[in-house]
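Below is one structure, written out as structure tokens; comments come after it.
Chain naming here is simple, since letters A, B, ... match the order of the sequence lines and numbering starts at 1 in each.
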There are 2 protein chains.
Amino acid sequence: MKEVTLKEIAQELGISITTVSKALKNYTDVSPKTRKAVLKLAHKLDYKPNSFAVNLRTQESKTIGLIIPEIVHHFFSSIVNAIIEKAEKKGYLVITLQSNESLELEKKQIDLLLDKRVDGILISLSNNTKTIEHLQKVIDHNVPLVLFDKITKLLNCSKVVIDDRKAAYDATCHLINSGCKKIAHIRGPLNPQNAIDRFLGYKKALEDNKITFDKSLIYTCEKVTFEEGYGFAKQIHTEQKDVDGVFAVTDPVAIGVIAYFNEVGIKIPQQISIIGFSNWFMSSVISPSLSTIDQPGFEMGKSALKLLLKEIKALKKHKEFQHQTIVLPTGVIKRNSTLNYFSKN
Amino acid sequence: MKEVTLKEIAQELGISITTVSKALKNYTDVSPKTRKAVLKLAHKLDYKPNSFAVNLRTQESKTIGLIIPEIVHHFFSSIVNAIIEKAEKKGYLVITLQSNESLELEKKQIDLLLDKRVDGILISLSNNTKTIEHLQKVIDHNVPLVLFDKITKLLNCSKVVIDDRKAAYDATCHLINSGCKKIAHIRGPLNPQNAIDRFLGYKKALEDNKITFDKSLIYTCEKVTFEEGYGFAKQIHTEQKDVDGVFAVTDPVAIGVIAYFNEVGIKIPQQISIIGFSNWFMSSVISPSLSTIDQPGFEMGKSALKLLLKEIKALKKHKEFQHQTIVLPTGVIKRNSTLNYFSKN
DNA sequence: GTGCTTTTCGAAAACGATTTCGTTAATAAT
DNA sequence: ATTATTAACGAAATCGTTTTCGAAAAGCAC
């Protein structure tokens with residue numbers, strides 16, 4: 001099935017390719033009569049512009065690149081969901097890649113996207129991204145770049161984040177307000193800014209409530225998984241530290257903690273309270289349901305895309321563009337893994 | 001930052017564009033000396049072929065399209081995961097779109113991908129896909145097409161599926177073997193083949209075990225959600241039908257069922273056994289953990305992509321290609337929401 | 001009819017790579 | 001020395017669209 005081109009339409013009507021092109025693109029210098037004829041034939045032949053040619057000529061691909069650490073992740077798949085949907089509505093398609101938390105892959109994928117000449121790139125950094133030359137390269141190539149969620153402050157570009165520090169502060173305060181005196185924190189890896197900020201928020205909450213920080217109550221995840229949560233819960237239990245509250249860096253870890261305490265018959269939230277982070281779907285359906293932090297994935301995807309498209313548009317018009325950092329609000333979701341303070345005593 | 005072209009390399013070396021192109025592409029008619037010079041300069045200038053031009057010239061995009069009903073779904077995100085990863089290794093990038101279970105969107109997206117001139121399309125159909133002209137169009141345009149998971153038998157193309165009927169049969173038999181006598185089935189919508197096949201497998205299992213089929217024990221989901229599962233469980237409970245087993249069309253529904261029975265204090269699996277389908281991550285961490293069917297998402301993505309790339313390659317060489325249907329194996333995962341038959345009595 | 005403006009059109013040059021085919025120069029064969 | 005062969009290169013067409021710029025045609029005023 002041969003695809004229809006401008007040339008064929010032109011020949012059939014006995015006019016030039018130029019005129020056909022103009023007729024289809026609302027140029028003013030084509031008479032109503034010929035325009036109508038062109039439109040009619042184009043429709044009849046189901047003419048579709050060859051995107052390869054359009055790309056080459058206009059130097060834009062109407063495609064954006066998206067790199068995330070992992071797609072099989074409720075939070076990230078929500079973000080991808082938002083981005084794909086909104087992009088489509090604005091006439092852009094999305095090429096998605098996942099770095100699997102590997103800096104090497106991330107670099108390679110940036111190159112792939114630049115080679116493809118995408119019109120812009122959205123990225124949430126891997127946990128192992130410690131250097132930023134590959135990201136700087138994007139900017140140097142004049143390709144708009146927006147970082148979201150897992151970002152670096154070292155880069156001069158637009159960003160969309162939540163206030164991890166404040167959210168963690170709120171989560172910890174919720175534990176304190178519900179009566180917890182000795183709160184353990186299962187934190188994320190040492191490198192990513194999120195994990196650091198959440199740790200700092202936890203620490204600040206203790207300070208503000210006159211609870212002395214105890215380094216031995218900090219447990220550090222590598223993979224941030226259910227299994228690690230389960231393991232640390234066991235450790236907390238056997239170490240006998242009278243811990244009465246756990247703030248976990250993310251829901252799967254918190255659920256691992258719950259699973260362990262359920263198993264050994266420790267009552268949640270009566271004996272120990274647990275709070276997670278991110279509000280994964282499953283958190284509302286486990287028992288007890290998990291209190292957690294609402295992290296607006298869909299909103300984040302939407303905002304990041306919006307910023308990117310704005311920058312793409314500005315670039316196209318050769319206008320200056322002011323980079324922005326958008327901080328989205330979070331909230332504490334109180335469920336049954338923590339006591340609410342009406343039932344404190 | 002201006003991108004380097006063949007022309008610039010040619011000018012700098014005082015040779016023709018043709019020779020530069022050939023030197024970079026292992027043509028035999030260029031002397032070792034000039035080849036070395038070209039390679040060196042190309043590397044120094046960080047030359048990258050303009051993909052727009054390459055696309056136009058070679059008439060291929062090295063891009064494939066992927067349409068799924070919903071990405072925020074453990075099974076589908078696993079598939080996407082596999083496809084993206086394997087495609088990248090084979091030199092293809094993936095444009096992902098989601099139909100949100102809408103036929104209209106699905107049609108539009110097929111058009112978008114054809115307009116983009118992707119080299120092939122992978123699709124899992126929406127629940128509302130009752131017509132197939134838009135899919136036939138893909139084939140008519142000579143674009144390789146592979147259906148996976150949610151397919152239609154009406155189309156002559158390659159497919160990758162599981163044997164839903166057998167899997168459902170196995171799930172139901174597991175309930176029967178563990179002592180259930182009266183088994184309800186919460187099925188999926190009436191249209192998609194999967195839901196039909198699972199229902200048929202359930203029915204066959206009853207037959208083979210001399211249990212008479214009772215139409216009133218069939219409950220039909222529309223959205224296939226946790227909430228529906230919860231609602232139907234309530235209905236089952238209030239209708240007082242002495243049901244001692246539930247086979248749910250998919251895990252979230254089963255988890256809704258578990259949530260309800262947990263809430264009203266009915267013991268699982270002692271009083272009622274539950275089995276789901278798909279093995280979502282959360283199914284292993286809820287309490288009681290959910291017995292379910294292992295549906296190999298990653299494998300499915302891998303196989304579908306492999307078939308697609310084979311067909312793309314065959315098309316490129318103008319060779320005949322024999323469409324295949326691959327059926328992937330499933331298994332019953334026995335957890336704590338069903339009795340295993342050692343403890344039957 | 002002359003001069004002027006306004007419509008309407010099309011030739012041609014991009015965009016950047018690939019590939020066919022022809023040409024020259026160098027080498028081998030006779 | 002002459003012819004045949006091979007090695008090395010490049011001109012030019014092609015992919016299909018967009019857009020600039022110039023030219024022809026038509027309309028209008030005088």
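- Each of A:K316, A:K116, A:R117, A:K313 was compared with A:E60 under the salt bridge (charged side-chain N to carboxylate O under 4.0 Å, His left out) criterion, and only A:K316 meets it.
- We find the CD-CG distance between B:Q98 and B:L66 to be 10.0 Å, quoted to the nearest 0.5 Å.
- Ion pairing between B:K107 and B:E133 fails under the 4.0 Å rule for side-chain N and carboxylate O.
- Rounded to an integer number of Å, the gap from B:Y47 OH to C:dG16 P is 10 Å.
- Counting non-hydrogen atoms under 4.0 angstrom, B:T18 reaches a base of the nucleic acid.
- Rounding to the nearest 0.5 Å gives a distance of 10.0 Å between CD of B:E8 and CG of B:L41.
- Atom CD1 of B:I17 and atom C1' of D:dG10 are 10 Å apart (whole Å).
- Within residues 20-36 of chain B, the residues approaching DNA chain D are B:K22, B:D29, B:V30, B:S31, B:T34, by heavy-atom distance under 4.0 Å.
- Counting non-hydrogen atoms under 4.0 angstrom, A:I15 reaches the backbone sugars and phosphates but no base.
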(request) Would you check, one step at a time, whether the test salt bridge (charged side-chain N to carboxylate O under 4.0 Å, His left out) holds for B:K62 with B:D119? (result) CA-CA 6 Å; B:K62 286 285 179 181; B:D119 296 341; over 6 Å; no
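- Using modelled atom types, no side-chain atom of A:S21 and backbone atom of A:I17 make a donor-acceptor pair closer than 3.5 Å.
- For the pair B:E101 and B:K150, the salt-bridge criterion is met [side-chain N within less than 4.0 Å of a carboxylate O].
- The stretch residues 54-61 of chain B touches DNA chain D through B:L56, B:R57, B:Q59, each having a heavy atom within less than 4.0 Å of the strand.
- In this structure, the CG atom of A:L6 is 13 Å from the C1' atom of D:dT19, given to the nearest Å.
- For the pair A:Q11 CD and D:dG16 P, the interatomic distance rounds to 12 Å; values are reported in whole Å.
- Ring geometry, A:H73 versus A:F76: the interplanar angle falls from 30° to 60°, so the pair is classed tilted.
- Defined by atom type and a distance below 3.5 Å, a donor-acceptor pair is present between the side-chain atoms of A:T19 and A:S16.
- When the P atom of D:dG16 is taken as reference, atom NZ of B:K116 falls 17 Å away, rounded to whole Å.
- When each of B:S16 and A:V4 is assigned the nucleotide of DNA chain D bearing its nearest heavy atom, the one mapping closer to the 5' terminus is B:S16.
- A:I9 has its CD1 atom 14 Å from the P atom of C:dG10, to the nearest Å.
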